[in-house]
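We're numbering straight along the sequence, starting at 1. Counting convention: from 1, in listed order, for ligands and their atoms alike.
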Amino acid sequence: SGTPSLDGQVANAPGLTSTASTGLAIPQDAGTASSSIISSLIGDNPYFQAGFGLMGVGVGLTVLRQGLVFGTTALRRRLLVSLEVNNKDRAYEWFLAWLAHNAQSAAPTSRRTESWLRSHQLSVETAVEQRSNGSSSVLFRLVAGPGTHWFKYGGAWMQMKRERETRSMQLMSGTPWETVTVTTLSRDRHLFSKLLAEARDLALRGQEGKLVIRTAWGIEWKPFGQPRRKRPLHSVVLDTGVSEKVEQDVNAFLQRRQWYADRGIPYRRGYLLHGPPGSGKTSYIQALAGSLSYDICLLNLSERGLGDDKLNHLLSNAPERSIILIEDVDAAFNKRMQTSEDGYQSSVTFSGFLNALDGVASGEERIIFMTTNHFGSLDPALIRPGRVDLSVLVDNASPVQARTLFTRFYGGSESIRPELIEPMGRQVEEFTVKEMSNGREISMAALQGLFIRNNAQDAVKTLPELFVDRRT
Ligand code: ADP
């Protein structure tokens with residue numbers, strides 16, 4: 001008894017008060033003695049007083065600092081509003097282009113958004129602009145580089161922070177992640193939607209009347225080159241009724257979304273244009289996409305690194321309002337083409353391709369156009385309905401096509417009297433009939449080449465030399 005037990009409890013020790021919970025024991029007599037020592041230390045010792053004073057100041061400052069941090073965070077939360085856009089979103093490019101456009105178009109005296117140009121971090125974006133006569137020029141556009149920039153929009157100052165993630169890359173495309181954060185006062189938050197709409201309209205205005213071609217970039221569809229000028233549909237001269245047939249089918253399909261949905265049928269349609277090279281298959285599909293204001297997603301099945309999985313992903317994730325174009329669909333699965341010169345083997349298998357075409361039914365609309373020069377070598381499994389719903393022959397020039405192309409080319413030209421165009425056109429038609437009955441033909445591309453190089457008289461004269469045997 002009287003000795004502290006192991007768990008710290010002390011029992012019946014004279015002169016000791018015990019605090020059972022902590023096991024701390026203070027001698028009572030010692031208590032009065034020590035409190036007087038402490039009070040004399042605190043009361044009389046100047047060092048101790050100074051120490052307490054300093055501590056007080058320190059605590060005060062810390063509290064103040066914490067308060068400030070807390071206060072600014074709260075203020076930021078309440079007063080500021082941020083908009084984050086990352087480079088996976090289409091608005092990202094639009095926004096940077098919009099900022100660059102406004103900075104460059106603003107007159108030097110105008111203070112609209114030029115302020116950020118004084119910034120020290122700029123990036124360059126090179127653009128090739130194609131003019132209507134086919135010539136092109138290269139432009140450099142300065143866009144805000146990674147870093148912080150300020151600009152004024154609609155009377156409000158905005159801070160724009162462009163950040164690049166250096167440690168991780170976007171999975172398939174290999175481009176670094178980037179984000180732009182625009183911050184402004186909370187009361188100006190309505191400006192964000194206005195700003196984004198302006199950026200979108202600017203981007204879309206640049207594409208108006210243009211055809212955007214996309215190619216697969218990893219597992220994503222990225223624009224390939226600058227948007228091209230649309231080709232008028234009537235400038236591609238197909239045989240009587242062919243163009244109308246395809247156009248009607250596509251239009252009917254586009255109007256039947258609900259019909260497909262009601263029946264639970266995947267909303268997709270496949271087209272195959274087959275025929276000899278230079279007959280206008282690709283040109284027609286591009287012109288058709290342009291007339292529908294659709295983009296083209298160009299898919300090359302023999303592309304390196306394209307495997308069944310990626311193909312499946314690409315086919316089921318094409319951007320809205322786009323036509324997927326697969327050219328020379330026979331070539332990808334033909335032994336000769338499958339191994340390229342350096343021994344690379346295309347990794348898309350035929351069954352993988354069929355699976356991707358059939359895909360898991362999604363509500364998304366999908367239009368695929370395929371072309372081939374060798375209809376006969378296609379596997380019948382590919383051309384069955386559901387995969388190819390409409391298959392049309394786009395052949396070498398028929399007599400009517402030859403005449404129409406002739407009159408289209410020389411109509412309005414000064415080198416030929418207007419009244420001569422029709423009779424000469426008929427001459428071209430009759431000549432084509434005669435040659436075809438002898439098994440000789442001419443491609444539309446060859447006719448186009450002839451008409452580009454010659455005036456009408458010379459073209460008619462040179463025409464016979466260009467017909468070739470059907471079999472060659
Ligand atoms: P394909 O895809 O059938 O091989 P393209 O569409 O690539 O043929 O045509 C090659 C070139 O020939 C293009 O410059 C195109 O303008 C011209 N051409 C081919 N067929 C036609 C046609 N039916 N009408 C007008 N131009 C044509």
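- Judged by distance alone, the side chains of Tyr284 and Arg231 never bring a donor and an acceptor atom under 3.5 Å apart.
- Taking any N or O of Gly280, backbone or side chain, at least one lies under 3.5 Å from an N or O belonging to ligand 1.
- Using a 4.0 Å heavy-atom cutoff, Thr371 is absent from the residues neighbouring ligand 1.
- The backbone and the side chain of Lys281 each have at least one atom closer than 4.0 Å to an atom of ligand 1 (non-hydrogen atoms only).
- Among the atoms of Val237, some N or O lies under 3.5 angstrom from an N or O of ligand 1.
- The shortest N/O to N/O separation between Arg231 and ligand 1 falls below 3.5 Å.
- The closest side-chain donor-acceptor pair between Thr282 and Glu327 falls under 3.5 angstrom.
- Counting only N and O atoms by type, the side chains of Asp262 and Gln258 include a donor and acceptor under 3.5 Å apart.
- Scanning the protein heavy atoms around atom 2 (O) of ligand 1, the nearest turns out to be Thr282 OG1, 2.7 Å.
- Counting only heavy atoms of the protein, atom 4 (O) of ligand 1 lies nearest to Gly278 N, 2.9 Å.
- A donor atom on one side chain and an acceptor atom on the other are not found under 3.5 Å apart for Tyr410 and Asn455.
- For the atom pair CZ (Arg321) and CD1 (Ile367), the distance works out to 9.5 Å, reported to the nearest 0.5 Å.
- Of the heavy atoms in Ser443, none comes closer than 4.0 Å to ligand 1.
- Proximity annotation for atom 13 (C) of ligand 1: of Ser283, Gly449, Ala287, Ser283 comes nearest, heavy atoms only.
- Centroid-to-centroid, the aromatic rings of Trp98 and Tyr153 come within less than 6.0 Å.
- The closest non-hydrogen atom to atom 10 (C) of ligand 1, taken over Pro276, Gly275, Ala445, comes from Ala445.
- Under a 4.0 Å heavy-atom criterion, Ser235 is in contact with ligand 1.
- The nearest non-hydrogen atom to atom 21 (C) of ligand 1, considering only Met444, Gln401, Gln448, comes from Met444.
- Near Pro277, meaning under 4.0 Å from any of its heavy atoms, are these atoms of ligand 1: 4 (O).
- In summary, the side chains of Glu178 and Asn87 do not present any donor paired with an acceptor at a separation below 3.5 Å, with no hydrogens or angles considered.
- Considering backbone and side-chain N/O atoms, Ser279 comes within less than 3.5 Å of an N/O atom of ligand 1.
- A salt bridge is defined here as a Lys NZ or Arg NE, NH1 or NH2 lying under 4.0 Å from an Asp or Glu carboxylate O, and Arg268 with Asp389 fails to meet this definition.
- Side chain to side chain, Ser279 and Asp395 fail the donor-acceptor criterion of an N or O pair below 3.5 Å.
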